[in-house]
Each structure stands twice: as C-alpha cells, then as structure tokens.
Amino acid sequence: QLVESGGGLVQAGGSLRLSCAASGQRFHLYVMGWFRQALGKEREFIAAISTNGDRSYYVDSVKGRFTISREPNENNVHLQMNNLTSEDTATYYCARAMTGWSRWTPEPPHLQREYTHWGQGTQVTVSS
C-alpha cells in the first residue's frame, strides 16, 4: 500500500514536499516513481529513484526544480518541489515499479504499465 501526503495550495514560486509511505512490501527492492495528472490530461511520469537511492531521473519539465529522495529505513519516498508554477497543478501519485533499472540503462521505468502499485494521489494546486 502506498499513501501520499503533503499536497495543498501554494502560490507560484513556492515549494511543497510530497511524501509517499509504503507499507506491507519490501520497499528497498523496488524502483519508485512519481507521476502527475492534470485535469483533462493524461497521467505523466515525472521522476524516479533507484532502489538504493543512488540514481534519480527527471523529465525536463521538472528538472532542476524537483528532487526525489527515499528513506529505505522508513519506507518513504519524497518529492521536494521548488519554484512551482501553475503548470505544476495536478494530482500527484507515487508508484512502485515492477521492473528494475539497469545500470546500463539511462532511463528508469517511466511507463504507467511498468508500475504495479499506486497511491491514491495528493492534489497540488499552484495559484498564479
């Protein structure tokens, strides 16, 4: 089970830190990702982190502003979001990948079908 928290309403330029708590699973064995879905749009992948946290990946739209991290001992994944804009308004989901992330592969799992477990989502609204 994955449970997101930390969403809310923030002004443009502000920051939020999302958290995803994992329970009942061997958290440290899985690549974890964050997706988001804006109203009327498809769910999109935005970031992922390797099993031990030594590698992360971001899509261009959030690169340099968002930071994904994980705390293996506490079964948590976080998404620090800075310099938010109205374009970041969406429901944010954390997810657990079913595939690994080879060290020889530059991109982590990034398709929805590559993730098997999903949280319920947390709403982020950025006011301009």
Side-chain angles (χ1 to χ4, degrees):
Q1 182 181 5
L2 301 174
V3 180
E4 302 96 336
S5 61
L9 175 64
V10 63
Q11 289 188 336
S15 299
L16 281 175
R17 186 177 190 237
L18 305 183
S19 296
C20 172
S23 62
Q25 50 197 315
R26 294 176 292 177
F27 175 76
H28 63 284
L29 297 180
Y30 299 100
V31 171
M32 298 296 295
W34 284 95
F35 290 71
R36 68 184 180 186
Q37 186 169 18
L39 193 62
K41 295 186 177 181
E42 293 188 357
R43 190 173 300 187
E44 63 170 345
F45 166 81
I46 56 172
I49 190 165
S50 60
T51 54
N52 64 0
D54 65 338
R55 290 177 293 153
S56 57
Y57 182 92
Y58 306 91
V59 297
D60 287 344
S61 60
V62 306
K63 192 176 297 181
R65 300 187 299 122
F66 290 12
T67 303
I68 187 171
S69 61
R70 67 190 298 164
E71 301 173 13
N73 293 336
E74 297 184 3
N75 284 9
N76 287 330
V77 178
H78 305 287
L79 186 67
Q80 176 68 41
M81 307 186 297
N82 298 328
N83 195 21
L84 288 162
T85 74
S86 58
E87 296 296 311
D88 298 314
T89 294
T91 300
Y92 285 70
Y93 300 88
C94 72
R96 192 192 86 180
M98 62 181 292
T99 58
W101 183 7
S102 168
R103 292 195 171 274
W104 309 107
T105 305
E107 289 187 352
H110 58 279
L111 302 175
Q112 290 188 55
R113 64 173 181 264
E114 295 178 296
Y115 288 79
T116 56
H117 290 69
W118 295 81
Q120 82 290 349
T122 186
Q123 177 66 36
V124 171
T125 303
V126 183
S127 63
S128 56

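Counting begins at 1 with the first residue of the sequence. Fair warning: this is a prediction, and the values are worked out from it, not measured in the lab.
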**Message:** For a quick test of reading the model, state the closest non-hydrogen atom pair linking Ala48 to Pro109 and the distance between them.
**Reply:** CB-O, 4.4 Å
**Asked** Could Arg96 and Tyr30 be counted as a cation-pi pair, given that NZ or CZ must be under 6.0 Å from the ring centre and within 45° of the axis?
**Response** yes
**Prompt:** If every non-hydrogen atom of Ser15 is compared with every non-hydrogen atom of Asn83, which pair is closest and at what distance?
**Reply:** OG-N, 4.2 Å
**Request:** Would you check, one step at a time, whether the test side chain to side chain contact (heavy atoms under 4.5 Å, CB included) holds for Ile49 with Trp34?
**Result:** CA-CA 9 Å; Ile49 190 165; Trp34 284 95; over 6 Å; no
**Message:** Looking at every non-hydrogen atom in both residues, tell me the closest pair between Tyr58 and Lys63 and how far apart they are.
**Reply:** O-CE, 3.4 Å
**Prompt:** Is a side-chain donor or acceptor of Thr122 paired with a backbone partner of Gly7 at a separation under 3.5 angstrom?
**Reply:** yes
**Prompt:** What residues, two or more places apart in sequence or in another chain, satisfy salt bridge (charged side-chain N to carboxylate O under 4.0 Å, His left out) together with Arg65?
**Reply:** Asp88
**Item:** Residue pairs passing the disulfide (SG to SG under 2.5 Å) test where at least one lies in residues 96-128, sequence neighbours excluded
**Value:** none
**side-chain hydrogen bond (donor to acceptor under 3.5 Å, both in side chains) assessment of Asn76 paired with Ser19** = CA-CA 7 Å; Asn76 287 330; Ser19 296; over 6 Å; no
**Request:** Could you walk me through whether Ser69 and His78 pass the side-chain hydrogen bond (donor to acceptor under 3.5 Å, both in side chains) test, one step at a time?
**Result:** CA-CA 5 Å; Ser69 61; His78 305 287; 5.2 Å; no
**Request:** Please round to the nearest 0.5 Å and tell me the distance separating atom OG of Ser128 and atom CD of Glu87.
**Result:** 10.0 Å
**Message:** Please list all pairs meeting salt bridge (Lys or Arg N to Asp or Glu O under 4.0 Å) that have one or both residues in residues 97-124, counting only residues at least two apart or in different chains.
**Reply:** Asp54-Arg103
**Prompt:** Do you know the tightest heavy-atom contact between Val77 and Ile68?
**Reply:** CG1-CG1, 4.0 Å
**Asked** How are the rings of Trp101 and Tyr57 set relative to one another: parallel (under 30°), tilted (30 to 60°) or perpendicular (over 60°)?
**Response** perpendicular
**Item:** Heavy-atom closest contact (Ala90 atom, Tyr92 atom, distance)
**Value:** O-CD1, 3.4 Å
**Message:** Before you tell me yes or no, could you show the steps for Cys94 and Trp118 under side chain to side chain contact (heavy atoms under 4.5 Å, CB included), namely the whole-Å CA-CA distance, both residues' side-chain angles and the distance that decides it to 0.1 Å?
**Reply:** CA-CA 6 Å; Cys94 72; Trp118 295 81; over 6 Å; no
**Complete:** Distance col, row Gln37:CD vs Glu44:CD, nearest 0.5 angstrom, shows 9.5 Å
**Asked** Hey, are the side chains of Gln112 and Arg43 touching, using non-hydrogen atoms and a 4.5 Å cut-off?
**Response** yes
**Message:** In the structure I gave you, are the side-chain heavy atoms of Leu2 and Met32 within less than 4.5 Å of one another anywhere?
**Reply:** yes
**Leu18 side, atom CG; Phe66 side, atom CZ - distance, nearest 0.5 Å** = 8.0 Å
**Request:** Would you confirm whether the ring centroid of Phe35 sits within less than 6.0 angstrom of the ring centroid of Tyr93?
**Result:** no
**Request:** Answer whether the closest heavy-atom distance between the side chains of Leu9 and Ser127 falls below 4.5 Å.
**Result:** yes
**Request:** With the side chain counted from C-beta on, respond yes when Leu79 and Ile46 share a heavy-atom pair under 4.5 Å apart, and no when they do not.
**Result:** yes
**Prompt:** If we only count heavy atoms from C-beta on, is the Phe45 to Val59 side-chain gap below 4.5 Å?
**Reply:** yes
**Prompt:** Can you check side-chain hydrogen bond (donor to acceptor under 3.5 Å, both in side chains) on Gln1 and His117, steps first, answer last?
**Reply:** CA-CA 7 Å; Gln1 182 181 5; His117 290 69; over 6 Å; no
**Prompt:** Is there a donor in the side chain of Thr91 and an acceptor in the side chain of Gln123, or the other way round, less than 3.5 Å apart?
**Reply:** yes
**Message:** With a sphere of 6.0 Å drawn around CG of Leu111, does it hold more than 12 non-hydrogen atoms of other residues, nucleotides or ligands?
**Reply:** yes
**Request:** Give a yes or no answer on whether the side chain of Glu4 reaches the backbone of Gln120 with a donor-acceptor pair at less than 3.5 Å.
**Result:** yes
**Complete:** Here the pair of heavy atoms bringing Gly6 nearest to Leu16 is O-CD2, 3.8 Å
